[in-house]
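Read the structure below first, then the notes.
Quick caveat: nothing in here was measured; it's all calculated off a predicted structure.
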Amino acid sequence: MEQSRSALAERITERRRGAGDPRALVGEMRRSVLLVPMSGGGLWSARSGGVRWVCGFTDEAALARFAELRTGRDQPMDYAALLGARIVDEVVPSLGEPAGLAVDIATEDGSMFFPPVVGIVPDQAAVDAAEPQGGDGHGR
């Protein structure tokens with residue numbers, strides 16, 4: 001029996017087809033439990049385009065595709081199960097560099113990137129956050 005796709009995977013499919021509401025996709029990501037591979041005692045991530053991407057997967061099948069592509073063999077991979085909100089609100093800002101969330105990167109036509117921008121990550125971690133306006137830095 002085929003396992004049904006997660007609500008997040010369904011929203012990703014909608015957005016990739018050009019349908020659906022981007023805000024609903026972000027909301028679904030925040031509510032979803034994602035499986036994040038572990039490496040060297042921490043969360044596995046990759047750097048690309050000047051951004052560090054924490055990689056999360058919507059289910060064990062998506063994680064297994066990634067593990068097989070990464071290692072060339074079918075073997076279990078340790079992972080942490082984290083809410084998307086925890087990843088973008090806590091993990092990403094703690095990295096101290098531009099960072100975002102990449103979901104299901106080994107799923108052909110099913111991946112989605114949540115970049116470090118306002119509305120996805122906290123303002124202090126967003127690369128597009130506006131600089132403080134007014135004053136001279138002395139409270140005036």
Side-chain angles (χ1 to χ4, degrees):
M1 185 159 134
E2 185 177 321
Q3 183 179 357
S4 65
R5 296 180 63 202
S6 73
L8 178 56
E10 291 295 331
R11 293 255 189 229
I12 289 171
T13 297
E14 286 175 358
R15 285 305 306 148
R16 290 182 64 97
R17 284 193 321 244
D21 180 356
R23 291 172 300 198
L25 173 62
V26 171
E28 195 62 54
M29 173 272 293
R30 294 182 62 77
R31 290 185 296 276
S32 295
V33 173
L34 295 169
L35 309 180
V36 182
M38 301 293 292
S39 177
L43 302 177
W44 191 88
S45 63
R47 283 186 179 82
S48 179
V51 175
R52 184 170 173 184
W53 297 98
V54 176
C55 298
F57 299 89
T58 55
D59 57 30
E60 288 184 343
L63 177 62
R65 282 190 295 276
F66 168 75
E68 188 168 354
L69 285 172
R70 189 167 188 292
T71 65
R73 56 186 187 264
D74 184 21
Q75 70 179 43
M77 180 175 263
D78 290 336
Y79 64 86
L82 301 171
L83 276 176
R86 184 164 184 210
I87 296 168
V88 296
D89 291 347
E90 296 176 26
V91 174
V92 163
S94 75
L95 296 174
E97 64 183 297
L101 172 63
V103 176
D104 287 351
I105 60 171
T107 302
E108 188 174 334
D109 297 328
S111 62
M112 183 62 63
F113 290 78
F114 296 89
V117 296
V118 171
I120 295 178
V121 300
D123 289 354
Q124 72 270 19
V127 297
D128 65 339
E131 293 296 319
Q133 297 292 318
D136 60 5
H138 300 285
R140 295 181 243 181

Who pairs with E14 by side chain to side chain contact (heavy atoms under 4.5 Å, CB included), at least two apart in sequence or on another chain?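 Result, side chain to side chain contact (heavy atoms under 4.5 Å, CB included) vs E14: R11, R17.
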State, to 0.1 Å, how close [X] and [Y] come at their nearest heavy-atom pair, and which atoms those are.
X: P98; Y: G50; value: CB-O, 3.9 Å
X: C55; Y: P37; value: O-CD, 3.3 Å
X: G56; Y: L101; value: N-CD1, 4.1 Å
X: P116; Y: A99; value: CB-O, 2.9 Å
X: A106; Y: F57; value: N-CE2, 4.3 Å
X: R15; Y: G20; value: NH1-O, 2.9 Å

Quick check: are there more than 12 heavy atoms from other residues, nucleotides or ligands sitting under 6.0 Å from [atom1] of [X]?
X: D128; atom1: CG; result: yes
X: Q124; atom1: CD; result: yes
X: E60; atom1: CD; result: no

Residue that, paired with V121, satisfies side chain to side chain contact (heavy atoms under 4.5 Å, CB included) out of V91, V127, V92: V92
Answer yes if the side chains of S111 and D104 hold a donor-acceptor pair under 3.5 Å, and no otherwise.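 No - no donor-acceptor pair under 3.5 Å links their side chains.
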Measure the spacing between [atom1] of [X] and [atom2] of [Y] and express it to the nearest 0.5 Å.
X: T71; Y: M77; atom1: OG1; atom2: CE; answer: 6.5 Å
X: S32; Y: I87; atom1: OG; atom2: CD1; answer: 10.0 Å
X: L43; Y: R52; atom1: CG; atom2: CZ; answer: 9.0 Å
X: I105; Y: R70; atom1: CD1; atom2: CZ; answer: 9.0 Å
X: T58; Y: M29; atom1: OG1; atom2: CE; answer: 13.5 Å
X: Y79; Y: L34; atom1: OH; atom2: CG; answer: 12.0 Å

Same cluster or not: are [X] and [Y] linked, directly or through other Ile, Leu, Val, Met, Phe, Trp or Tyr residues, by side-chain heavy atoms under 4.5 angstrom apart?
X: L95; Y: M38; result: yes
X: M112; Y: V36; result: yes
X: V117; Y: V54; result: yes
X: L8; Y: L82; result: yes
X: F113; Y: I120; result: no

With a 4.0 Å cut-off, would you call E97 and R47 a salt bridge? yes
Quick one: are D109 and R16 in side-chain contact, heavy atoms under 4.5 Å?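 A side-chain contact exists here, since the closest heavy-atom pair is under 4.5 Å.
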Determine whether R31 and L83 make a side-chain contact, defined as any pair of heavy atoms from C-beta on separated by less than 4.5 Å. no
Assert yes or no for the condition that the ring centre distance of W53 to F114 is strictly below 6.0 Å. no
